[in-house]
Amino acid sequence: MYTIGVIRSEKYRQFYAIVSQIPEGQVATYGQVAALAGHPGQARQVGYALNCLTDEFDIPWQRVVNAKGQVSARAKPIFEEIQKQILESEGIIFDHNDRIELSKYQWKPGDC
DNA sequence: GCAGTGACTAGTA
DNA sequence: ATACTAGCCACTG
């Protein structure tokens, strides 16, 4: 179990920095976060890094979804529900397949 | 150090 | 549309 205070890798902090910039009502994909952090192709590490942020950090981990626009399955299924619930409260709509339209909600850096 | 695992992705069939 | 593959790299046993 790691916390943001003991993450050894500078790379992880970059991931967190990017994720924390995602505005409310928008989402980013794992690959996008990795690329913006300067580490393209390392989407898996993004997921791994976010796994340590389950709570009490000012990082909107719930705004990160996979390339299909779905909430990725993880160890504790309960969090998938929590994530969807939070996103819906931010105005994001899930369709009948528990998917969201990335073309509509995907975050674009600098898109103020 | 090696092999397996994983909140992933892009490509191919 | 689904299924499989290679590439990615930190973590774990």
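What you are looking at is a predicted structure, and each value in this text was computed from that prediction instead of being measured. Every chain is numbered from 1, with letters handed out A, B, ... down the list of sequences.
- No chain of hydrophobic side-chain contacts below 4.5 Å, direct or via other Ile, Leu, Val, Met, Phe, Trp or Tyr residues, connects A:Tyr30 to A:Ile100.
- Between C:dA10 and A:Lys11, a contact under 4.0 Å exists linking OP1 or OP2 to a side-chain N or O.
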request  = I would like to know whether A:Leu87 and A:Phe94 meet side-chain contact (heavy atoms from CB on, under 4.5 Å); could you show each step before the answer?
outcome  = CA-CA 9 Å; A:Leu87 291 179; A:Phe94 284 82; 3.8 Å; yes
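- Residue A:Ile18 is not grouped with residue A:Leu102 when hydrophobic side chains (ILVMFWY) are merged at heavy-atom distances under 4.5 angstrom, including chains of intermediate members.
- You'll find the side chain of A:Val71 stays beyond 4.5 Å of the side chain of A:Glu81, heavy atoms only.
- Residue contacts for A:Gln45: at a heavy-atom cut-off of 4.0 Å it reaches a base atom on one of the strands shown.
- Between the OH atom of A:Tyr16 and the P atom of C:dA10 there is a distance of 13 Å, rounded to whole Å.
- Taking each heavy atom of A:Ala49 and A:Phe15 in turn, the nearest pair found is CB-CD1, 4.1 Å.
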request  = Going 5' to 3' through nucleotides 7-13 of chain B, assign each nucleotide B (protein heavy atom under 4.0 Å from a base atom), S (under 4.0 Å only from sugar-phosphate atoms) or - (no protein heavy atom that close).
outcome  = BBS----
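- A pairwise comparison of heavy atoms in A:Asn97 and A:Asp95 identifies N-OD1, 2.7 Å as the closest pair.
- Remark: the separation of the P atoms in B:dA7 and C:dG13 is 16 Å, to the nearest Å.
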